[in-house]
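Side-chain atoms are counted along with the backbone in the values below, which use heavy atoms only and exclude waters and symmetry mates. Along the sequence shown, the residues carry numbers beginning at 1.
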Amino acid sequence: MPAFALEPEQREWCARLRATAAEQLRPLADKGDPGRVNRPLVAALGELGLLERLFTSGALDLCLMREALAYACTEAETALALQGLGARPVAAHGTEAQRTRWLPEVTSGRAVAAFALSEPDAGSDAAALALKAEPGDGGWRLSGEKCWISNAPEADFCTVFARTTEGAGARGVTAFLVPADRPGLSGTALDMLSPHPVGTLVFDGVCVGPGDVLGEPDRGFRVAMGTLNLFRPSVGAFAVGMAQAALDATVAHTARRTAFGGPLKDLQAVAHQVAEMATRTEAARLLVYAAAAAYDRGEPEVPKCAAMAKLLATETAQYVVDAAVQLHGARALRRGHLLEHLYREVRAPRIYEGATEVQRTIIAKELYR
Ligand SMILES: Cc1cc2nc3c(=O)[nH]c(=O)nc-3n(C[C@H](O)[C@H](O)[C@H](O)COP(=O)(O)OP(=O)(O)OC[C@H]3O[C@@H](n4cnc5c(N)ncnc54)[C@H](O)[C@@H]3O)c2cc1C
């Protein structure tokens, strides 16, 4: 087996996905309200069978989908990833009733999902989460706040992580499936740099019962980490898709734009910068594919590889998009330009699902194990 090469069918599938994203999804994304859930876009992802694929495919397939969609339509990419993040815990740990009620709605794009782990006082240190689950009426009452939750408050249901045992850290957290219409649940949309739907969730004595638990009581942190482990390399794939889009735009632009009597590409400083962007993008892509393939094979090295892939790819995409802006000059900063859009989009993945520094901590821990 080569160190890493996609099969011809995989490459063809990615090319088809990029074309579909550009032709069918981009126009729907353009019609959406930035920062709000775009339901026609989610429905289109369902009609194309991509949401179904989130639940039937492995980590590498997920990466290929995210990279291809990100290349042509970051909004579609994000909408797809969030359906997976919010509903994978239901597929993996839900009861028959929960799965029957929600998964067909999610895969058709009729229902929108959210994954609610972060809180105002618990971000990187997720095990410090404090959303209270107090026992009562044969179940629990949830009180507190979640913050920076993608798709909140518009999502139709949320996978919510709450504290069922005080002082037990990661061992006292339970995952619940909370439908949006539960009395006492509200939230507010937050205006972010990227056109990403993000908001808060406020729980004012929201009742949940044993039938709402995902997995087992006090074992919810495993549900969260299992989901994030699957998604970690694919955040890198999202970044690689954006880097590739920025790179291709730069190759085209520097070949066309003339200055000092010739195209920009004839200036060695420019050509070498583009070569560096291409090399770093390819290196990040290979690490992402390798980490995803290792996940699919169930290899023990996954935590280290996945952290390396997320770290390298998100940092590389930031570098590549920034360099692409530089080589495009002023036009890249005009609102509506592809690079103005990517410049805003590329920043958040270095922070969410484990900030760059947290990935380094994971890698170091594995090295010194
Ligand atoms: C666009 C977007 C979408 C999001 N969507 C979701 C979602 O759907 N669900 C959800 O639950 N959360 C979501 N989040 C929240 C995200 O997971 C948190 O922002 C992230 O975990 C970091 O937490 P924090 O922002 O509170 O930063 P903090 O934890 O306060 O950290 C701030 C900074 O401190 C540094 N730092 C932190 N810990 C360490 C460490 N151990 N070692 C060294 N340096 C460190 C890093 O530089 C870090 O960026 C989203 C965030 C964004 C920006």
For a quick test of reading the model, state the closest non-hydrogen atom pair linking [X] to [Y] and the distance between them.
{"X": "A79", "Y": "L45", "answer": "CB-CD1, 3.8 Å"}
{"X": "A155", "Y": "A180", "answer": "O-CB, 3.2 Å"}
{"X": "A116", "Y": "I149", "answer": "CA-CD1, 3.6 Å"}
{"X": "A21", "Y": "A72", "answer": "CB-CB, 3.7 Å"}
{"X": "L85", "Y": "L228", "answer": "CD1-CD2, 4.1 Å"}
{"X": "A91", "Y": "F55", "answer": "CB-CD2, 3.7 Å"}

Heavy-atom distance under 4.5 Å between the side chains of [X] and [Y], does that happen here?
{"X": "Y289", "Y": "L60", "answer": "yes"}
{"X": "C14", "Y": "R18", "answer": "yes"}
{"X": "T78", "Y": "F238", "answer": "yes"}
{"X": "V235", "Y": "R66", "answer": "yes"}
{"X": "K146", "Y": "L131", "answer": "yes"}
{"X": "W13", "Y": "M65", "answer": "yes"}
{"X": "L50", "Y": "L17", "answer": "yes"}
{"X": "E315", "Y": "R350", "answer": "yes"}

More than 12 heavy atoms of other groups within 6.0 Å of [X] [atom1]:
{"X": "R36", "atom1": "CZ", "value": "no"}
{"X": "R39", "atom1": "CZ", "value": "yes"}
{"X": "E301", "atom1": "CD", "value": "no"}
{"X": "Y343", "atom1": "OH", "value": "no"}
{"X": "D204", "atom1": "CG", "value": "no"}
{"X": "R171", "atom1": "CZ", "value": "no"}
{"X": "D30", "atom1": "CG", "value": "yes"}

Quiz item: Yes or no on side chain to side chain contact (heavy atoms under 4.5 Å, CB included) for V106 and L51, after CA distance, side-chain angles and deciding distance?
Solution: CA-CA 7 Å; V106 168; L51 298 178; 5.6 Å; no

Quiz item: Between H253 and H328, how do the two ring planes meet: parallel, tilted or perpendicular, split at 30° and 60°?
Solution: parallel

Strictly below 4.0 Å, N to O, side chains only: are [X] and [Y] in salt-bridge contact?
{"X": "R26", "Y": "E75", "result": "yes"}
{"X": "R285", "Y": "E282", "result": "yes"}
{"X": "E134", "Y": "R141", "result": "no"}

With distance as the sole test, does [X] use its side chain to make a donor-acceptor pair with the main-chain N or O of [Y] at under 3.5 Å?
{"X": "E145", "Y": "E119", "value": "no"}
{"X": "K310", "Y": "P349", "value": "yes"}
{"X": "Q98", "Y": "T95", "value": "yes"}
{"X": "S234", "Y": "A237", "value": "no"}
{"X": "D212", "Y": "F176", "value": "no"}
{"X": "R163", "Y": "L129", "value": "yes"}
{"X": "Q83", "Y": "A111", "value": "yes"}
{"X": "T159", "Y": "G86", "value": "yes"}
{"X": "E52", "Y": "G49", "value": "no"}
{"X": "E154", "Y": "V37", "value": "yes"}

Practice problem: Apply side chain to side chain contact (heavy atoms under 4.5 Å, CB included) to Y319 and list each qualifying residue two or more places apart in sequence or on a separate chain. | Solution: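 For Y319, the residues satisfying side chain to side chain contact (heavy atoms under 4.5 Å, CB included) (neighbours in sequence not counted) are Q273, E276, M277, R280.
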
Exercise. With side chain to side chain contact (heavy atoms under 4.5 Å, CB included) as the test, would you mind laying out the steps for R222 and E216 before giving the verdict?
Key: CA-CA 10 Å; R222 277 196 212 161; E216 289 172 54; 5.8 Å; no

Drop me the distance from [X]'s [atom1] to [Y]'s [atom2], to the nearest 0.5 angstrom.
{"X": "L82", "Y": "N151", "atom1": "CG", "atom2": "CG", "answer": "4.5 Å"}
{"X": "R232", "Y": "M308", "atom1": "CZ", "atom2": "CE", "answer": "13.5 Å"}
{"X": "R88", "Y": "L62", "atom1": "CZ", "atom2": "CG", "answer": "7.5 Å"}
{"X": "L48", "Y": "T20", "atom1": "CG", "atom2": "OG1", "answer": "6.5 Å"}
{"X": "L338", "Y": "E345", "atom1": "CG", "atom2": "CD", "answer": "10.5 Å"}
{"X": "D296", "Y": "D61", "atom1": "CG", "atom2": "CG", "answer": "8.0 Å"}

Exercise. Begin with the C-alpha distance, continue with both residues' side-chain angles, and end with the deciding distance and a verdict on side chain to side chain contact (heavy atoms under 4.5 Å, CB included) for L142 and R182.
Key: CA-CA 11 Å; L142 304 181; R182 279 290 154 92; over 6 Å; no

Please table the atom pairs, donor to acceptor, closer than 3.5 Å between any side-chain atom in residues 191-202 and protein atoms at least two apart or in another chain.
{"residue": "H196", "atom": "NE2", "partner": "S150", "partner atom": "OG", "Å": "3.0"}
{"residue": "T200", "atom": "OG1", "partner": "T188", "partner atom": "N", "Å": "3.1"}

Quiz item: Any side-chain donor paired with an acceptor under 3.5 Å for Q244 and D248?
Solution: yes

Quiz item: Do L28 and V42 belong together in a cluster built from hydrophobic side chains that touch within less than 4.5 Å?
Solution: yes

Exercise. Say whether F231 and Y295 are linked into one hydrophobic cluster, either directly or through other cluster members, by side-chain heavy-atom distances under 4.5 angstrom.
Key: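 Yes, F231 connects to Y295 through the hydrophobic network.
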
Quiz item: Between E340 and L333, does a side chain to side chain contact (heavy atoms under 4.5 Å, CB included) hold up when you go through it step by step?
Solution: CA-CA 5 Å; E340 177 268 338; L333 298 181; 5.9 Å; no

Exercise. Would you please indicate yes or no on a ring centroid separation below 6.0 angstrom for Y352 and W148?
Key: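 No - the distance between ring centres of W148 and Y352 does not fall below the 6.0 Å cut-off.
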
